[in-house]
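Here's the structure, in structure tokens; my notes come after.
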Number of protein chains: 2
Amino acid sequence: MKDNQPILEVDRIIHEPARLLIVTILSMAEKADFLFLLNETGLTRGNLSTHLSKLEAAGYVNIEKSFRGKIPQTLCSLTPAGQEAFEKYRKQINQFLKRT
Amino acid sequence: MKDNQPILEVDRIIHEPARLLIVTILSMAEKADFLFLLNETGLTRGNLSTHLSKLEAAGYVNIEKSFRGKIPQTLCSLTPAGQEAFEKYRKQINQFLKRT
DNA sequence: AAAACAAGTTTGTATTACAAACCGGTTTGC
DNA sequence: GCAAACCGGTTTGTAATACAAACTTGTTTT
């Protein structure tokens with residue numbers, strides 16, 4: 001068989017709940033550091049790290065590393081592509097769920 | 001580490017796009033057969049089959065097998081638990097996405 | 001100087017979604 | 001009347017991935 005056409009095609013990168021959370025926060029905060037995201041999301045550090053990496057690899061978030069005194073700091077922000085993808089996702093899901 | 005509390009906790013059974021599609025269709029049609037779902041969703045038979053099994057195992061859909069003449073027929077419908085879970089999911093996602 | 005801590009990253013594992021192969025029966029072609 | 005194609009699915013094999021736990025690199029504390 002090879003009858004394969006996707007119907008409800010949604011961006012899996014954003015669809016994942018943990019990342020949806022992260023992206024939503026970033027869409028409001030416009031630049032947040034690792035520890036802030038850690039608190040807000042309730043994720044473990046490990047999972048936050050990997051989800052951020054995945055978002056970065058997708059080109060959806062920008063990650064800049066710096067130092068706050070002697071302590072490393074990771075700042076994250078949505079890229080334009082990320083904002084766009086998020087908006088698109090929201091529209092899709094809203095529209096899909098609207099038609100009761 | 002063991003600081004683990006889930007924040008955006010969404011029903012993964014329903015969250016999966018293919019199953020969200022199936023459940024949405026069932027919520028409107030109230031009893032649909034395999035071939036109908038196959039057309040509506042655009043899934044392959046194999047994937048439709050496994051997703052239905054998963055929904056059945058979760059107690060969200062009821063599957064009855066019968067014959068239409070000599071041809072087997074699989075009828076699917078949402079259980080009350082399935083309807084409830086779907087409604088809950090919709091509310092959660094809508095509410096989450098609402099707060100821009 | 002050793003032990004605890006901070007801020008992340010990497011690794012190991014179990015779950016999964018999807019495609020492809022399979023299967024039992026039925027119809028069609030010859 | 002029998003082989004080949006078709007129907008309506010189910011099972012299997014595999015690659016991706018989400019999460020927890022272990023590790024790392026550097027910094028305070030004691």
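Just so we're on the same page: letters track the sequence lines, and every chain starts at 1.
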Could you check whether any side-chain heavy atom of [X] comes within less than 4.5 Å of a side-chain heavy atom of [Y], counting everything from C-beta outward?
X	Y	value
A/Glu16	A/Lys54	no
B/Lys31	B/Glu64	yes
A/Ile22	A/Leu48	yes
B/Asp11	B/Tyr60	yes

task: Could you tell me which non-hydrogen atom of B/Ser27 sits nearest to which non-hydrogen atom of B/Glu30, and how far apart they are?
output: O-OE1, 4.3 Å
field: Minimum-distance pair of heavy atoms, taken over all atoms of B/Leu20 and A/Phe96
entry: CG-CE2, 3.7 Å
message: I want to confirm an ordering. Mapping A/Pro72 and B/Arg12 to their closest nucleotides on DNA chain D, which one lands closer to the 5' end?
response: B/Arg12
- line: Taking for A/Glu16 and for A/Phe67 the nucleotide of DNA chain D with the nearest heavy atom, the one nearer the 5' end belongs to A/Glu16
Would you mind reading off the distance between [X] atom [atom1] and [N] atom [atom2], rounded to a whole angstrom?
X	N	atom1	atom2	answer
A/Gln73	C/dT9	CD	P	13 Å
B/Leu52	C/dC18	CG	C1'	15 Å
A/Leu43	D/dA21	CG	C1'	16 Å
B/Leu35	D/dT10	CG	P	11 Å
B/Asn47	C/dA20	CG	P	10 Å
B/Ile13	C/dT16	CD1	P	8 Å
A/Asp11	D/dT17	CG	P	12 Å
B/Ile22	D/dG9	CD1	P	13 Å

Residue [X], side-chain atoms from C-beta onward, closest of [options]:
X	options	answer
B/Ala18	C/dC18, D/dG8, C/dG8	C/dC18
B/Lys54	C/dG8, C/dA17, D/dA18	C/dA17
B/His51	D/dA18, C/dA19, C/dA17	C/dA17
A/Arg19	D/dT11, D/dG9, D/dA18	D/dA18
B/Thr44	C/dA19, C/dA7, D/dG9	C/dA19
A/Arg45	C/dA7, D/dT10, D/dT28	C/dA7

- request: Please determine if a side-chain N or O atom of B/Lys65 lies less than 4.0 Å away from the OP1 or OP2 oxygen of C/dG24.
  value: no
field: A/Ser49 side-chain N/O to C/dG8 phosphate OP1/OP2 under 4.0 Å
entry: no
message: Any base atoms under 4.0 Å from A/Leu48, or only sugar-phosphate, or nothing? Heavy atoms, all strands.
response: nothing
- prompt: NA contact type, A/Thr74, heavy-atom cut-off 4.0 Å: base, sugar-phosphate, or nothing?
  reply: sugar-phosphate
query: Toward the 5' end of DNA chain C, which comes first, B/Thr50 or A/Phe34, by nearest nucleotide?
result: A/Phe34
